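Presented below is the structure to which this report refers.
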Amino acid sequence: MFKEAIGTRSTVIKNTVERGAVKKFAVAINDLAPIYYDEEAGKNSRYQRNIAPPTFPVTLDFGTIPNLNLPAKGLIHGEQIFHYERPIFVGEEVYCYTEVKDYYEKTGSNGRMGFLVIRREGLDIDQNLIFSEDRILIINEAVRKGMGF
Amino acid sequence: MTYIADLQPGDSLSTIELQPVSRIDLIKYAGASGDFNPIHTIDDEAKKAGLPGIIAHGMWTMGNLAKLFTPYVEEGFIQDFAIRFKGMVFIDDRITLKATLLDHNSSEMMFEVAAINQHQKEVMNGSVKFLRHKISEFSDESIGRMNV
């Protein structure tokens with residue numbers, strides 16, 4: 001079932017990187033450096049503006065992949081990979097979407113595990129990649145069987 | 001002021017020891033990130049899910065780990081940040097964040113990174129590729145090109 005979903009994607013959602021959201025996020029990870037919230041520090045930096053912390057994309061809206069039903073329980077977040085072409089700038093618009101990048105199964109000591117790779121991308125207005133994110137979700141055998149496949 | 005560019009393979013960034021994890025930390029992160037899965041904030045829901053108690057969002061720990069590199073933001077930025085989640089983080093856990101330089105060339109620095117709990121167990125590990133800026137980057141001209 002997940003194999004057939006490979007390549008399906010959400011529609012593109014326009015996000016604005018809000019100054020207040022960036023500051024609140026920096027506070028929540030106790031990383032409140034001036035580059036993230038202080039306008040003067042941003043102007044005087046080599047970016048000439050404020051930027052967002054590297055894991056900030058978790059706050060953005062990437063839309064929903066149609067017909068992808070994930071189990072509410074028993075899903076393990078196994079790996080998380082960010083790639084950046086440049087930092088995200090405070091105030092800019094980022095065009096975000098998500099897709100099923102891959103699905104594969106492996107047999108281990110806990111039975112046959114499923115690995116679902118969900119990709120997310122953030123693009124600028126000219127469709128240049130700003131960042132991408134891959135999250136690998138692990139689905140154990142009991143949960144997979146519970147879903148009827 | 002120390003420069004990240006001065007590090008040699010085997011050198012580490014200054015280690016960060018987080019305050020013991022508290023419920024309010026996770027409530028704040030839920031609010032800021034929008035991840036309201038109740039296993040991170042509500043005891044009964046965590047127990048219903050078969051956990052001994054609430055656990056930190058994996059992304060909370062990963063977000064904290066990235067701040068090892070924040071002091072060097074003028075020198076460059078994290079280009080690649082890859083993490084494997086190895087264990088759960090519970091309330092009152094004391095987490096230590098570490099980054100050690102493995103290899104570097106004129107622009108790229110590869111670090112091995114980890115978050116370790118009070119039992120010396122890695123709750124996450126992985127790598128960071130830190131890309132050092134070229135002199136001309138983020139000049140007015142390149143910002144025009146980025147169209148922002």
Side-chain angles (χ1 to χ4, degrees), chain A residues 17 20-36 41 44-49 51 53-61 72-94 124-126 128 130-136 138, chain B residues 16 18-19 24-35 37 39 48-50 57-71 73-86 88 124 126-131 133 135-140 142-143 145-148:
Chain A
V17 179
V22 170
K23 185 173 182 184
K24 195 162 80 164
F25 187 78
V27 167
I29 53 172
N30 200 13
D31 188 18
L32 195 56
I35 188 70
Y36 298 137
N44 294 329
S45 76
R46 72 176 300 138
Y47 308 98
Q48 301 180 0
R49 69 199 71 196
I51 64 173
T55 62
F56 182 76
V58 300
T59 70
L60 301 178
D61 184 358
K73 280 184 185 173
L75 211 60
I76 297 163
H77 191 176
E79 290 181 45
Q80 176 79 22
I81 300 152
F82 288 98
H83 170 79
Y84 276 92
E85 290 296 317
R86 62 157 171 85
I88 297 170
F89 299 136
V90 169
E92 74 173 321
E93 281 167 354
V94 183
D124 70 12
I125 196 165
D126 296 322
N128 298 310
I130 302 171
F131 67 86
S132 67
E133 183 193 323
D134 285 338
R135 52 180 66 194
I136 302 180
I138 304 170
Chain B
I16 295 178
L18 300 182
Q19 292 292 310
I24 198 75
D25 287 336
L26 305 183
I27 291 171
K28 268 194 211 167
Y29 188 79
S33 69
D35 181 348
N37 186 332
I39 64 167
K48 261 193 244 165
H57 307 72
M59 295 306 297
W60 175 81
T61 313
M62 189 174 182
N64 272 278
L65 190 49
K67 71 189 175 193
L68 288 169
F69 294 86
T70 307
V73 74
E74 279 293 306
E75 282 183 80
F77 64 94
I78 292 178
Q79 176 158 60
D80 291 299
F81 187 14
I83 283 296
R84 269 172 202 246
F85 298 98
K86 310 292 282 185
M88 290 184 273
M124 65 173 52
S127 62
V128 163
K129 184 166 98 182
F130 187 85
L131 189 68
H133 294 306
I135 303 299
S136 62
E137 235 175 358
F138 297 102
S139 64
D140 288 343
S142 68
I143 281 172
R145 201 183 65 230
M146 282 174 195
N147 202 11
V148 286

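Fair warning: this is a prediction, and the values are worked out from it, not measured in the lab. Below, chain A is the first sequence line, B the second, and so on; all start at residue 1.
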Problem - Partner of Lys67(B) by side-chain contact (heavy atoms from CB on, under 4.5 Å), out of Leu32(A), Thr55(A), Asn30(A) - result: Asn30(A)

Exercise for the section: With side-chain contact (heavy atoms from CB on, under 4.5 Å) as the test, would you mind laying out the steps for Gln80(A) and Phe81(B) before giving the verdict? Expected result: CA-CA 8 Å; Gln80(A) 176 79 22; Phe81(B) 187 14; over 6 Å; no

Handout entry: Which atoms of Pro53(A) approach chain B - backbone, side chain, both or neither, heavy atom under 4.5 Å
Key = neither

Problem - Structural part of Ile130(A) lying under 4.5 Å from a heavy atom of chain B - result: neither

Problem - Exercise: identify the closest heavy-atom pair between Ala82(B) and Ile81(A) - result: CB-CG1, 3.9 Å

Practice task
State the CD1-OG1 distance between Ile51(A) and Thr70(B), to the nearest 0.5 angstrom.
Solution key: 8.5 Å

Exercise for the section: Taking only Lys NZ, Arg NE, NH1 and NH2, and the carboxylate oxygens of Asp or Glu, determine whether Glu79(A) and Arg84(B) approach each other closer than 4.0 Å. Expected result: yes

Fill in the blank from the handout: dist Arg86(A):CZ -> Leu131(B):CG (nearest 0.5 Å) comes out at 14.0 Å

Practice task
For each of Met124(B), Lys28(B), Met62(B), tally heavy-atom pairs with chain A at distances under 4.5 Å, and name the one with the top tally.
Solution key: Met62(B)

Practice task
Kindly write out the residues that satisfy side chain to side chain donor-acceptor pair (under 3.5 Å) with His83(A), not counting sequence neighbours, or none if the list is empty.
Solution key: Glu85(A), Asp80(B)

Handout entry: Tyr47(A) side chain to Val73(B) backbone, donor-acceptor under 3.5 Å
Key = yes

Practice task
Supply the atom-to-atom distance Phe85(B) CZ to Ile138(A) CD1, rounded to the nearest 0.5 angstrom.
Solution key: 10.5 Å

Practice task
State, to 0.1 Å, how close Ile29(A) and Gly63(B) come at their nearest heavy-atom pair, and which atoms those are.
Solution key: CD1-O, 3.7 Å

Exercise for the section: Flag the pair Phe25(A) / Tyr29(B) as yes when their ring centroid distance falls below 6.0 Å, and as no otherwise. Expected result: yes

Exercise for the section: Quick one: closest heavy-atom pair of Ile78(B) and Pro54(A), and the distance? Expected result: CD1-CG, 3.9 Å

Problem - Shortest non-hydrogen separation from Lys24(A) to Gly31(B) and the atoms involved - result: NZ-O, 3.9 Å

Handout entry: Residue among Met59(B), Gln79(B), Lys129(B) with most heavy-atom pairs under 4.5 Å to chain A
Key = Gln79(B)

Exercise for the section: Examine whether an atom of Tyr36(A) lies under 4.5 Å from a heavy atom of chain B, and if so say whether it belongs to the side chain, the backbone or both; otherwise answer neither. Expected result: side chain

Completion exercise
Note: vs chain A, highest number of non-hydrogen pairs under 4.5 angstrom among Ala66(B), Ser127(B), Ala30(B), Ser33(B) is Ser33(B)

